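A short write-up of the structure that comes next.
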Amino acid sequence: MNESFNPTTEMWRWFLMVAGFVLAAVLGISLDQTAVVMTGQIIVVGLCLLLRASHNLRRLVNERESSHNDFRHASSHGVCSLWSSDAAQQPSVFFKLTKFVHRHGSANSEASDAWIRHLRTQLQVPLQASQGACSLLFVLGMIGTLIGLAITFAAISSGMSDTTDVEAVTASLQSAIRGLSTAFMTTLAGAFFGGVLVSRVNLITSRYLNEFLAILELWLRATDFPPKSEDGQ
C-alpha cells in the first residue's frame with residue numbers, strides 16, 4: 001500500500017477540476033443550460049471521488065485480510081515458517097512488521113512503535129487526500145451557487161429596467177428562475193456527494209484503519225520470535 005504524497009500533483013488536480021468546472025459553467029451559460037451542465041459536472045466529479053474513496057477502503061480491507069492470514073500462519077507454524085513461505089513474494093503489513101521487529105530485537109518496543117507510527121502515516125495518505133477532496137465538492141457547489149445567484153440578480157436587474165415590456169419581464173423572470181435552479185441544484189449536489197457519500201466512506205475508512213492498527217499491535221505481541229541465531233539473521 002505504498003503511496004507517496006505529491007503536493008504539486010494535488011494542487012494541479014484541484015486546479016484542473018475547478019478550471020473544468022468553470023469552463024462547464026461558461027458552456028452552460030452559453031447553451032442556456034447552466035443548471036444541467038454544472039450539476040452534471042459536480043455529479044461526475046463526485047462519482048470519481050466516491051470510487052477513489054471506495055478503492056482506498058477496499059485496499060485497506062485486503063491488507064487486513066492478508067495480515068490476518070499471515071498472523072494465523074505464524075501462530076500455527078511459527079514466524080520463521082512465515083518468512084520462508086510464499087507470503088514473502090507479496091508481504092503483508094504484518095509480515096514486514098515481524099521482520100522489522102526481529103531485526104531490531106523483539107524486546108525493542110520503541111522500534112515497533114516507531115514502525116507502526118510510520119505505517120499509520122503511510123496508510124493515511126490516500127485517506128487524507130480523499131478527505132481533502134470532500135472540501136473540493138463543497139467548493140464546486142459554492143461556485144455553482146454564486147454563479148446561479150449572479151444569473152438571478154442580473155435577470156432581475158434587467159427585468160426592472162423596463163417594466164412596461166411584458167415579454168422582457170417574463171423572460172427576465174424565467175432567467176431568474178433558472179439562476180435559482182442552478183444555485184439550488186449545484187449546492188445540493190455538492191453537499192450530497194461531499195457531505196454524505198464521500199465523507200461517509202472516509203469516516204468508515206478512518207475507523208477501520210484505527211481498528212486495524214490496534215489489532216496489528218495485538219497480533220505482534222501475541223507472536224513468538226526466535227533468537228536471531230536460529231534463522232541466521
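Because the structure is a prediction, the values reported are computed rather than measured. Starting from 1, each residue takes its place in the sequence as its number.
Expressed to the nearest 0.5 Å, how far CD1 of I156 lies from CG of L173 amounts to 8.0 Å. How far CD of Q131 is from OG of S206: 6.0 Å, rounded to the nearest 0.5 Å. Taken to the nearest 0.5 Å, the CD1 atom of I43 stands 11.0 Å off from the CG atom of L137. Once rounded to the nearest 0.5 Å, the distance linking CG of L57 with CG of N62 reads 9.5 Å. With rounding to the nearest 0.5 angstrom, the OG atom of S85 is 4.5 Å from the CG atom of L82. L49 CG to I42 CD1: the interatomic distance, rounded to the nearest 0.5 Å, is 11.5 Å.
Among pairs with a residue in residues 190-205, those fulfilling side-chain hydrogen bond (donor to acceptor under 3.5 Å, both in side chains) read S130-N202, at least two apart in sequence or across chains. Here salt bridge (Lys or Arg N to Asp or Glu O under 4.0 Å) pairs that include residues 66-95, with residues two or more places apart or in two chains, number zero. Under the salt bridge (Lys or Arg N to Asp or Glu O under 4.0 Å) criterion, the residue pairs touching residues 175-191 are D32-R178, with sequence neighbours excluded. Sorted by first and then second residue, the side-chain hydrogen bond (donor to acceptor under 3.5 Å, both in side chains) pairs with a member in residues 34-50 form an empty list; sequence neighbours excluded.
By the side chain to side chain donor-acceptor pair (under 3.5 Å) test, S67 pairs with E63, sequence neighbours left out. Taking E211 as the reference, R64 meet the side chain to side chain donor-acceptor pair (under 3.5 Å) condition, with sequence neighbours excluded. The salt bridge (charged side-chain N to carboxylate O under 4.0 Å, His left out) check on R58 picks up E65, with sequence neighbours excluded. With sequence neighbours left out, the side chain to side chain donor-acceptor pair (under 3.5 Å) criterion links S81 to H73.
V36 belongs to no hydrophobic cluster with other residues, because no ILVMFWY side-chain heavy atom falls under 4.5 Å from its own, directly or through intermediates. Its side chain outside the 4.5 Å cluster rule for every partner, L23 clusters with none of the Ile, Leu, Val, Met, Phe, Trp and Tyr residues. With side-chain heavy atoms closer than 4.5 Å counting as contact, directly or through intermediates, the hydrophobic cluster containing L149 also holds F153, L180.
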Practice task
Start with the C-alpha gap between L127 and N56, add the side-chain angles, then the distance that decides, and say whether side chain to side chain contact (heavy atoms under 4.5 Å, CB included) holds.
Solution key: CA-CA 7 Å; L127 176 60; N56 294 336; 5.9 Å; no
Practice task
Could you go through the side chain to side chain contact (heavy atoms under 4.5 Å, CB included) check for W115 and L97 one step at a time?
Solution key: CA-CA 7 Å; W115 197 94; L97 179 57; 3.3 Å; yes
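Contact between R52 and A129 at its shortest, heavy atoms only, is NH2-CB, 3.4 Å. F94 and L220 get closest at one heavy-atom pair: CE1-N, 4.3 Å. In terms of heavy atoms, V198 sits closest to A53 at CG1-CB, 4.3 Å. In plain terms, the two heavy atoms of D224 and V79 that are nearest each other are O-CG1, 3.6 Å. Nearest approach of V201 to L50, heavy atoms of both residues: CG2-CD1, 3.8 Å.
No hydrogens or angles considered: nothing links the side chains of W219 and T98 as a donor-acceptor pair under 3.5 Å.
Under a hydrophobic-cluster definition in which Ile, Leu, Val, Met, Phe, Trp and Tyr are linked whenever side-chain heavy atoms come within less than 4.5 Å, directly or via other members, L209 and V61 are assigned to the same cluster. Under the 4.5 Å side-chain contact rule for hydrophobic residues, L47 and F138 do not share a cluster. Note on Y208 and L203: separate hydrophobic clusters, where clusters join Ile, Leu, Val, Met, Phe, Trp and Tyr whose side-chain heavy atoms are under 4.5 Å apart, directly or indirectly. Hydrophobic clustering keeps M142 apart from L197 (ILVMFWY residues linked when any side-chain heavy atoms are closer than 4.5 Å, directly or through intermediates). No single ILVMFWY cluster, assembled from side-chain heavy atoms under 4.5 Å apart, contains both V37 and V139.
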Please report, to 0.1 Å, the donor-acceptor pairs under 3.5 Å made by any side chain of residues 183-194, with sequence neighbours excluded.
| from | atom 1 | to | atom 2 | distance (Å) |
| --- | --- | --- | --- | --- |
| T186 | OG1 | T145 | N | 3.4 |
| T186 | OG1 | T182 | O | 2.6 |
| T186 | OG1 | A183 | O | 3.3 |
| T187 | OG1 | T145 | OG1 | 2.2 |
| T187 | OG1 | A183 | O | 2.7 |

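Side-chain contact between L119 and L213: present, with at least one pair of heavy atoms (C-beta onward) separated by less than 4.5 Å.
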